[in-house]
> 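This is the structure, below, for whatever I ask next.
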Amino acid sequence: MATIPAPGLIPHTQSSNSSSNSVSQGSQGNLFYNQDCSAPFIVHITKNDTSSNSVSNIHPMQISRILKNQQTKGIILVTKVNRNTVKVTLDSWIETNSFVANFQARNSTFRCYIPEYKLLTKGVIKDIPIDFSEEELYNTIESSLQIYNIKRMFKFDRERNKRIPIPMITATFIGSTVPDYVMFDYYKADVRLYIKPVTQCNNCLKNGHFGKFFRGKMACRQCGVAAHPGPCKQDSKSTCINCKQAHPPNWPKLPRKKDAKENKRYSCRKEHQCARSKASS
């Protein structure tokens, strides 16, 4: 049986063998809950399949049977996240930490971890010159909350076919909120909540999933219907597969994509405000 980690987050230290400023997650490779964390206490389980690039299917009933046979304590519910991930909900943070520490040792074909969104919150900081490295920024930043990592943001230059850095960074904080500002020496920089972009599949061109989770039919980028051999015979404007309007499917002003982004922004900000009110009470 694996050793149960001490309550709280595993200490994070800067990696000594890397020039980037990612911080290590400890020997267990996981974050853990502490007494300040609130329910529900969630764990994700995926399948370790390094034999191919395809996503391995995993069903909640499969994990449920394993947990039942091992007489695991504290389990409330086992549900499906996607075809490669199962979510396990437990009744206490102590039982959850014990479960994460021991499940991997007993079941080497699976990976068990606490999802980062339960313990970490990412913020965006603008107007950070690109000549400052991630390591330099991490070593000089001062914050009221503990910093987990700092990453430079990039944009894709289609003309040069490569990513180029931009004067923005993301700072990930340990906790359920982000501070109003951080300090770089004597410079005060505002922090705003990071909102993940709406995903789009490169195969079917629909929103909401990545290409590796694609299971449907390929779509033509020009006419918006099922992909066909050779060039598209439709000479008119592109037809979007999502809203059937005359524009490319990856158009940034796509109405459905814009609505999904606004809904995600609203839900993230509402959750963030709730976390702040709980912390101040």
> Walk me through it: do Tyr113 and Val43 pass the test side-chain contact (heavy atoms from CB on, under 4.5 Å)?
CA-CA 6 Å; Tyr113 61 95; Val43 170; over 6 Å; no

> Is the shortest heavy-atom distance from the side chain of Lys118 to the side chain of Tyr33 under 4.5 Å?
yes

> Which residues satisfy the ring pair (Phe, Tyr, Trp, His ring centres under 6.0 Å) test with Phe103, sequence neighbours excluded?
Phe99

> Does atom CE of Met183 have more than 12 heavy-atom neighbours, drawn from other residues, nucleotides or ligands, at distances under 6.0 Å?
yes

> Can you tell if the side chain of Asp185 reaches within under 4.5 Å of the side chain of Thr140, non-hydrogen atoms only?
yes

> Drop me the distance from Lys122's NZ to Leu193's CG, to the nearest 0.5 angstrom.
11.0 Å

> Can you find a heavy atom in the side chain of Phe184 that is under 4.5 Å from one in the side chain of Val182?
yes

> Shortest non-hydrogen contact from Asn82 to Asn84?
OD1-N, 2.9 Å

> Between Lys126 and Arg192, is there a side-chain heavy-atom distance shorter than 4.5 Å?
yes

> Closest heavy-atom contact between Pro167 and Ile130?
N-CG2, 3.8 Å

> Please give me the minimum heavy-atom distance between Arg152 and Leu137, naming the atom from each residue.
NH2-CD1, 4.0 Å

> Would you name the heavy atoms of Ile114 and Phe32 that are closest together and state the gap between them?
CD1-CA, 3.8 Å

> So do the side chains of Val124 and Val178 get within less than 4.5 Å of each other, counting heavy atoms only?
no

> With side chains defined as the heavy atoms from C-beta onward, is the minimum distance between Thr79 and Pro60 less than 4.5 Å?
no

> Spell out, yes or no, whether Val191 and Tyr187 are grouped together once hydrophobic residues are joined by side-chain heavy atoms under 4.5 Å, including indirect joins.
yes

> Assigning hydrophobic clusters by single linkage (Ile, Leu, Val, Met, Phe, Trp, Tyr; side-chain heavy-atom cutoff under 4.5 Å), is Ile42 placed with Ile174?
yes

> For the CD1 atom of Ile164 and the CE atom of Met153, what is their distance to the nearest 0.5 Å?
13.0 Å

> Given the rule that I, L, V, M, F, W and Y join up when any side-chain heavy atoms are under 4.5 Å apart, are Leu31 and Phe110 in one cluster?
yes

> Any chance you could measure Ile169, atom CD1, to Ile166, atom CD1, to the nearest 0.5 Å?
11.0 Å

> Any side-chain donor paired with an acceptor under 3.5 Å for Asn102 and Gln70?
no

> Going by atom types alone, do Asn149 and Thr172 pair a side-chain donor with an acceptor below 3.5 Å?
yes

> Working to the nearest 0.5 angstrom, can you tell me the gap between Glu134 CD and Ile141 CD1?
12.0 Å

> Got Phe156 and Asn161 here, is their nearest side-chain heavy-atom distance under 4.5 Å?
yes

> Inspect the surroundings of CZ in Phe154 and state if more than 12 heavy atoms from other residues, nucleotides or ligands are less than 6.0 Å away.
yes

> Let me confirm one number: the NZ-CG distance from Lys73 to Asp91, rounded to the nearest 0.5 Å.
11.5 Å

> Any chance you could measure Ser64, atom OG, to Ile75, atom CD1, to the nearest 0.5 Å?
9.0 Å

> Would you say Tyr117 and Leu119 are hydrophobically clustered, going by side-chain heavy atoms of ILVMFWY under 4.5 Å?
yes

> State, with a plain yes or no, whether a side-chain heavy atom of Ile58 is found less than 4.5 Å away from one of Thr46.
no

> According to a hydrophobic-cluster definition based on side-chain heavy atoms being under 4.5 Å apart (Ile, Leu, Val, Met, Phe, Trp, Tyr only), do Phe41 and Leu120 belong together?
yes

> Judged by atom type as modelled, is there a donor-acceptor pair below 3.5 Å linking the side chain of Asp157 to the main-chain atoms of Glu159?
yes

